[in-house]
Amino acid sequence: ILNFVRRHVSTEEIPVLCHAENLAPCGSCRLCIVEVAPSEQGQRRIIASCHSQVAPESFIFTRSERIKKLRQNILELALSDYPSEKIAAGSGKKATEFQKLISTVNHSVQRYPDFVKSHASQFQEDISHPFIRSNLNECIYCYRCVRACDEIQGQFVLSATNRGFDTRIIKGADGSFDESTCVSCGACVQTCPTEALFDRYHTKTIQADKVVRTTCTYCGVGCSLNIHIKNKEVVGIDAPLDAPVNAGHTCLKGRFAFEFYKSPDRLQSPLIPDRLQSPLIREGDQFRAVSWDEALTYIAAKLKDIKAQFGADSIGGISSARCTNEENYLMQKFMRVVIGTNNIDGCARVCHSPTAFGMQKVFGTGAATNSFDDIQEAQCFLVVGANPTDAHPIAGAKIKQRVIKNVPLIVIDPRSTELAKMADVHLKIRPGSNVAVLNLFAYYLIKDGYTDKKFIADRTENFAEFEQAVLGQNLDKLAEICGVEKTLVQKAAKIYGSSPAAMAFHGLGVTEHFQGSRAVMLLSSIAMMTGNIGRPGVGINPLRGQNNVQGMADMGVQPHQGPGYLEMSAPSVQKELSAFYHSPMPSTSGLKIPEMLGAAATGQLKALWIMGEDIMQTDPDTTQIKHALESLDFLVIQELFLTETAKKAHVVLPAACFLEKNGTFTNSERRVQLVNRAVEVLAGTKADGQIVAEVMQKMGFAQDDYDADKIMEEIQAVSPSYRGIHRNMLGTQGMQWPLVDAHHGAAILHKESFKLGKGRFIHYDYQPSPELQHLGEYPFILTTGRILEHYNCGSMTRRTPTTEIVLADLLAINPSDAKRLGVQDGESVRLKSPRGETHIKTHITDEVNPGVLYTTFHFPEISINHITGCVGDLDTLTPEFKVVAVQVEKI
Ligand code: SF4
């Protein structure tokens, strides 16, 4: 009834207290009562509107005198728990939701003042947590916080204890926030109608000058954020309830990790190392600040000179998944049209290139087949090599919620992640054995009769060869390689194969391997053979690491494919793009990032322009990267901070951050969403797109200044997948590419057919990684990933109070290994690989099996990529971060 009245009368018509749009109706406070009768004069019943259905031909009375009086009585009960001095605050702009409700119901009588006085200030304010605070003296026991923690995040941190007047909200086992298992998502804070729970910024009650809606800059989930601005500064962030992906929720990074934008470390002037004043003296790494004009003129002259001397292919560009679609589009246009090379690549090379490659081989399209909304439709989840509750927290929370409601879950992962601990089957495989375990999985699907014969016959090709190859495998050998029981794999296959709708998610634990692309092809083939493609709640859904890694690839930031995945080697594409740009397209194939770095080390690549990537910290084998960068004649970096990579540059250009830009990001489910400028561009910096445009101009190309609207028009004109997408149609909900008609995007791909026509089964046998040859001298396998609190190289999150929660990378080691080595929890050890060594503190846990280690790469002090190697995916060269042969030594 409540929703019906809100839709047809007004959202203000019925006051609510325990109700929140993003929570299940609860009906506990009864403030939303209405009278319902079979006719205007008929007998009226009083019911709570939030959880009552509208009956046909009934009359609903929302404001009768009886209802008003009852509501006032109900409010008095809530007021009995509320500090009397706060009641009068009224309906001012700074009023809380509850204070506004008091005015709306027009009743501020406190019938039980003695209770309030005797209990006033009985709770100490809890300021133990860097972001979330509590003053439970303001708690009115609506339980919205408890329900938000349970129903939205699934963390179950908050609960109520005791009865009657002694009832109170507790955190964990009645400790402070920092002692609890709180994951700092802030859902409780956002929903609390008083200031019993609040964030360090007082976002709920701050009198913002304006609120700007934009898209989160961190992971590929693509949450919408409301940025509260006061005096031209960000004073808090919360989540819009109508957000298409996150519906009023965020993780701690989206909501709280924003202060990096005003860090005193932000670069504010182009920098050129002093050493360049004299080419004969290359000592020291001092930079001098120069004007933008000097820096850009210098870059243009250097690039022209290098191109004239060594040819266009001696120059390369690395674009950024942290930048907008429009900026990425411009960067690849600059490299292809102005420089004249296909040497353009991006960070997908170190994460999801195998996904794009593998899915294109099987389906024709290298993007998620379904949408995050489909999590609600799925009847089974298969999560492979992904840790969504840490790395993609909003997607992780959604999956977790469904698993709590008994939807079966299979996890394939070398670690006992949070989801793995909840799984019906956890296949805790040896790192690097995905192809082996997926072969076993496919074997049992076929042998035990879980294939969808009609789908295979109607929609696919090459199944007979695939089936023969799978059935010809040596099962015992595969099980030995994976380190899991065959029967457990068979059980997992039964759960997946017998589900009416099985939805697969995968992450970098699939792609960052020697056989990364091949594992993606097997996973995609498994979905096809069971008919789990082209309908709600199924599919293959890569969880993209960075916010715009999907968009960056869509824009053509790949050496072999231009905007919209146009094959650059195809003569028809060459012709089409040459006509579009009025310039001949480069005909030689471009270099991938590892190839660019190799060419730099051997002197073939002379110049490199890196936009917003800290490859010294994020890419493998730091020593080799350092050597490659130092071998370049010319290195240009666009950055927010003087990162480890920027320190190697000949010119550092200070860039604007996402809060200072307009444009679009495309999330993991292909949703193109608006990025809107919330604060002015920091003095001395420029948007990355503007920087690229100005260098294009300096090099004599007629490029307009950066204008997100105009560039999106150019993108939709040239890219088949973005055709028809205009900025002015994106609104608050964005649009999923490709469009199915002028106004709707495709929530599900491959419904009727594949881009290839028929889906193509592709089989590969397991091949051991060359890295394993080091296992004698380096007997442990190290696998790397990220944690909830920090992001990638940490250059942004380390400049926020998240460092008060997590201060350092730690090495997860099994208790039996720690005991054998005589190492204590928290003790520093030496971690060595054939590439180098570092010192790191241990975290002893059985989340990893004996012989397996795990750590993150967020902190430059540890610089874990000093020890990771250069084995790459056989098809895409994506580095194998997940299998590193190492030795651990007590110091
Ligand atoms: Fe940002 Fe990802 Fe967190 Fe959403 S889940 S708020 S997109 S980091």
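Indexing begins at 1, ligand by ligand and atom by atom, following the structure's order.
The part of Cys216 lying near ligand 1 is the side chain, judged by heavy-atom distances below 4.0 Å.
Looking only at atom types and distance, the side chain of Thr618 has no donor-acceptor partner in the side chain of Asp614 under 3.5 Å away. With hydrogens and angles left out, the side-chain atoms of Ser416 and Glu847 include no donor and acceptor closer than 3.5 Å. Inspection of the Asp809 and Thr855 side chains reveals no N or O donor paired with an N or O acceptor under 3.5 Å.
Near Gly254, meaning under 4.0 Å from any of its heavy atoms, are these atoms of ligand 1: 6 (S). When each atom of ligand 1 is checked for a heavy atom of Cys219 under 4.0 Å away, the hits are 2 (Fe), 5 (S), 7 (S), 8 (S). Those atoms of ligand 1 with a heavy atom of Gly222 less than 4.0 angstrom away are 7 (S). The atoms of ligand 1 that sit less than 4.0 Å from any heavy atom of Ile394 are 4 (Fe), 5 (S). Close contacts between ligand 1 and Pro393 involve ligand atoms 5 (S) [criterion: under 4.0 Å to a heavy atom]. Counting the atoms of ligand 1 from 1 in the order shown, those under 4.0 Å from a heavy atom of Tyr218 are 8 (S).
Ring to ring, His228 and His202 are not that close: their centroids are 6.0 angstrom or more apart.
A salt bridge between Lys171 and Glu179 is absent, with no side-chain N of the basic residue lying under 4.0 Å from a carboxylate O of the acidic one. Ion pairing between Asp238 and Arg255 fails under the 4.0 Å rule for side-chain N and carboxylate O.
In terms of protein heavy atoms, atom 4 (Fe) of ligand 1 is closest to Cys223 SG, 2.2 Å. In terms of protein heavy-atom proximity, atom 3 (Fe) of ligand 1 is closest to Cys251 SG, 2.3 Å.
Among the backbone and side-chain atoms of His392, none of the N, O or S atoms lies under 2.8 Å from atom 4 (Fe) of ligand 1.
For the side-chain contact (heavy atoms from CB on, under 4.5 Å) with Leu158, the qualifying choice from Cys188, Ser134, Cys182 is Cys188, the only one to do so.
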